[in-house]
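In what follows, a single structure is set out as structure tokens and then discussed.
We name chains A, B, ... by the order of the sequence lines, and we start the count at 1 in each one.
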Amino acid sequence: MVIYNTLTKKKEEFQPINPPNVTMYSCGPTVYDYFHIGNARTFIMSDIIRRYLEYKGYKVTYVQNLTDIDDKIIKKSIEEKISTEQVAEKYIKAFFEDIKKMNVKVATKYPKATEHIQEMIEIIKKLEAKGVAYNKDGNVFYDVSKFPEYGKLSGKVIDELESGARVEVNDEKNNPLDFSLWKKAKEGEPSWDSPWGKGRPGWHIECSAMNLKHLGVTTDIHAGGNDLIFPHHENEIAQSEMANEKTFVNYWIHFGFLNIRKEKMSKSLGNFFTAREVFSKYPFGVIRLFFSQSHYRGPLDYDDELLSAAGKGLEKINNLVYELKKQIEKSDDNCYSPNINIDDYKKTFENAMDDDFNTPQAVATIFDFVRDINKELSSNNKISKTFVGDSINFLKNTAQHVLGIIDLEKEDKSEDIELVEDLINILTSIRKKAKAEKLYAFADDIRDRLNEIGVILQDGKNGTEFKIKRKS
RNA sequence: GGCGGCGUUGCCAAGUGGUUUAAGGCGAAGGUCUGCAAAACCUUUAUUCAUCGGUUCGAAUCCGAUCGCCGCCUCCA
């Protein structure tokens with residue numbers, strides 16, 4: 001399996017430090033607001049990578065942090081006249097609701113910044129002792145010039161950054177590129193005691209601390225959006241590698257942006273949709289399929305037309321799932337067994353995913369499979385039970401467990417459903433009589449009205465079948 | 001100004017030296033099935049990969065130039 005590593009700008013063979021264990025860190029949200037659908041893309045693609053590693057048999061420790069103290073949270077708490085804790089609590093709750101809707105697997109741990117203040121202080125102390133950090137009246141900064149490899153992730157050169165047009169001016173820093181490790185508390189702000197006085201941590205230090213505590217000195221995989229490469233991840237490397245004197249992360253994975261009309265979706269541009277709006281409009285399978293149909297590193301345009309195209313595609317997969325589930329009940333192993341080797345599809349799927357998580361190709365394999373199975377289904381009445389079972393398992397292992405676009409268990413029948421089915425059967429038998437007497441208008445009326453409430457009637461060779469259209 | 005990415009059919013999107021006269025999805029056209037539909041299946045839908053040059057026996061894939069689009073360098077997934 002190869003992974004494209006931002007650090008080396010190359011695809012590299014994936015070699016975990018301690019197989020079959022894999023440690024993976026995914027940059028989580030700052031909980032000051034609902035996250036948008038662009039954030040959702042990185043959370044979902046990160047989830048798919050994690051799921052595929054598990055599919056491959058790795059034991060993944062997957063950590064996603066929650067940034068629950070920072071400038072934006074403080075700003076929000078002032079605006080809403082509530083505490084920063086209350087702001088964080090509200091949006092952490094929303095975060096969990098949202099990722100559940102997105103069918104994102106729960107991480108091993110969701111550490112919070114405010115629960116790691118002591119660990120952060122320890123790292124800063126180390127950096128200070130090594131002369132890499134300096135204290136200016138209670139503000140502690142990292143001296144970028146002391147880390148010779150600064151810029152190795154982003155490909156930036158310190159000298160050129162300094163002459164650039166957009167470097168922040170801050171009189172307290174020795175060098176404009178130096179960044180905050182510890183921020184001195186301002187009047188009324190939440191703060192913690194530290195050797196440098198009351199204050200709160202800078203943004204980057206939390207990830208260094210949580211990685212160290214929950215995943216160890218060197219992490220196998222660290223993932224996040226493209227915009228975190230610089231300065232966030234660059235700074236994490238600088239802090240961690242200076243403090244620990246070991247490689248911080250072996251494989252850096254970065255996700256492309258979700259754009260709107262070719263422009264980056266962002267809070268500041270105001271061109272965003274929250275994940276919760278989008279996920280209440282489309283089922284998770286549609287959105288996850290949409291994301292899976294393009295590569296994680298590339299940009300992707302958000303567009304309702306494209307979402308509904310993905311919806312049609314998903315329906316195709318779900319139709320087959322429905323058909324297979326029906327078949328398995330009535331078939332046995334005396335039935336015809338198609339000359340199709342499901343392992344071939346499995347291999348193709350794995351080859352695609354092994355190549356830097358090429359989900360578009362993996363999805364293409366699933367569609368090939370769907371077409372080929374449908375072909376068998378349309379030319380043969382009954383397929384052997386083993387084959388149907390294997391087909392279901394293929395879809396379960398790929399589309400469900402790895403991509404998370406379908407859910408085979410979801411349709412488990414309840415008693416109410418049985419009653420509904422009996423009622424529909426009564427209606428279809430009445431309709432059958434009407435058709436026999438060529439009362440087509442009457443028959444169509446039954447079909448149309450059932451269709452309106454989501455019950456689809458389909459007349460086939462063996463009589464009328466029905467399916468209940470799933471809402472999500 | 002520095003750094004990086006991208007430009008493939010009507011739309012989305014894989015492919016990055018020969019197995020590709022370019023996968024898959026959506027759309028469109030025709031057909032099978034049907035009382036009519038729906039679903040499903042079959043056929044068709046890029047001799048061409050922004051443009052122009054070059055390297056090579058061979059390029060969408062490598063090199064150079066040009067045009068266009070986007071991102072990072074400030075919080076940002």
*Take atom OH of A:Tyr150 and atom P of B:G2, then tell me their distance rounded to the nearest Å.*
20 Å
Do [Y] and [X] meet the salt-bridge criterion of a basic N to acidic O distance under 4.0 Å?
{"X": "A:Glu79", "Y": "A:Lys75", "answer": "yes"}
{"X": "A:Asp459", "Y": "A:Arg431", "answer": "yes"}
{"X": "A:Glu234", "Y": "A:Lys156", "answer": "no"}
{"X": "A:Lys326", "Y": "A:Glu465", "answer": "yes"}
{"X": "A:Asp98", "Y": "A:Arg276", "answer": "yes"}
{"X": "A:Glu315", "Y": "A:Lys312", "answer": "no"}

*asked:* On the nucleotide B:A77, are OP1 or OP2 found under 4.0 Å from the side-chain N or O atoms that A:Lys267 carries?
replied: no
*Determine: side-chain N/O of A:Asn226 to OP1/OP2 of B:G4, distance under 4.0 Å, yes or no.*
no
Look at the side chain of [X] and decide which nucleotide, out of [options], has an atom nearest to it.
{"X": "A:Lys375", "options": "B:G25, B:C41, B:G35", "value": "B:C41"}
{"X": "A:Gln361", "options": "B:G15, B:A40, B:A38", "value": "B:G15"}
{"X": "A:Arg447", "options": "B:A38, B:A13, B:G35", "value": "B:G35"}
{"X": "A:Lys156", "options": "B:C3, B:C75, B:A23", "value": "B:C3"}
{"X": "A:Pro360", "options": "B:G25, B:A14, B:C72", "value": "B:A14"}

For nucleotides [N] and [M], find the distance between their [atom1] atoms and express it as a whole number of Å.
{"N": "B:A28", "M": "B:G68", "atom1": "C1'", "value": "29 Å"}
{"N": "B:G54", "M": "B:G10", "atom1": "P", "value": "28 Å"}
{"N": "B:A40", "M": "B:U34", "atom1": "C1'", "value": "12 Å"}
{"N": "B:C11", "M": "B:C49", "atom1": "P", "value": "15 Å"}
{"N": "B:G15", "M": "B:G53", "atom1": "C1'", "value": "25 Å"}
{"N": "B:A46", "M": "B:A14", "atom1": "C1'", "value": "15 Å"}
{"N": "B:U48", "M": "B:A23", "atom1": "P", "value": "15 Å"}
{"N": "B:U8", "M": "B:C3", "atom1": "C1'", "value": "26 Å"}

*asked:* Which is more 5' along RNA chain B, the nucleotide nearest A:Gly256 or the one nearest A:Leu289? Just name the residue.
replied: A:Leu289
*asked:* Heavy-atom nearest nucleotide on RNA chain B for A:Ala441 versus A:Gly155: which residue maps closer to 5'?
replied: A:Gly155
*Worked verdict on A:Gln239 versus A:Leu181 for side-chain contact (heavy atoms from CB on, under 4.5 Å)*: CA-CA 9 Å; A:Gln239 295 161 347; A:Leu181 294 166; 3.4 Å; yes
*Would you state whether a donor and an acceptor, one from the side chain of A:Asp444 and one from the base of B:G35, lie under 3.5 Å apart?*
yes
Would you mind classifying the nucleic acid contact of [X] as base, sugar-phosphate or nothing, using non-hydrogen atoms under 4.0 angstrom?
{"X": "A:Arg371", "result": "sugar-phosphate"}
{"X": "A:Ala309", "result": "sugar-phosphate"}
{"X": "A:Leu320", "result": "nothing"}
{"X": "A:His232", "result": "nothing"}
{"X": "A:Phe230", "result": "sugar-phosphate"}
{"X": "A:Lys438", "result": "nothing"}
{"X": "A:Phe257", "result": "base"}
{"X": "A:Gly224", "result": "sugar-phosphate"}
{"X": "A:Glu263", "result": "sugar-phosphate"}
{"X": "A:Ile366", "result": "nothing"}
{"X": "A:Asp459", "result": "base"}
{"X": "A:Lys467", "result": "nothing"}
{"X": "A:Asp70", "result": "nothing"}

*Who is the Watson-Crick or G-U wobble partner of B:C57, with both distances under 3.5 Å?*
B:G18
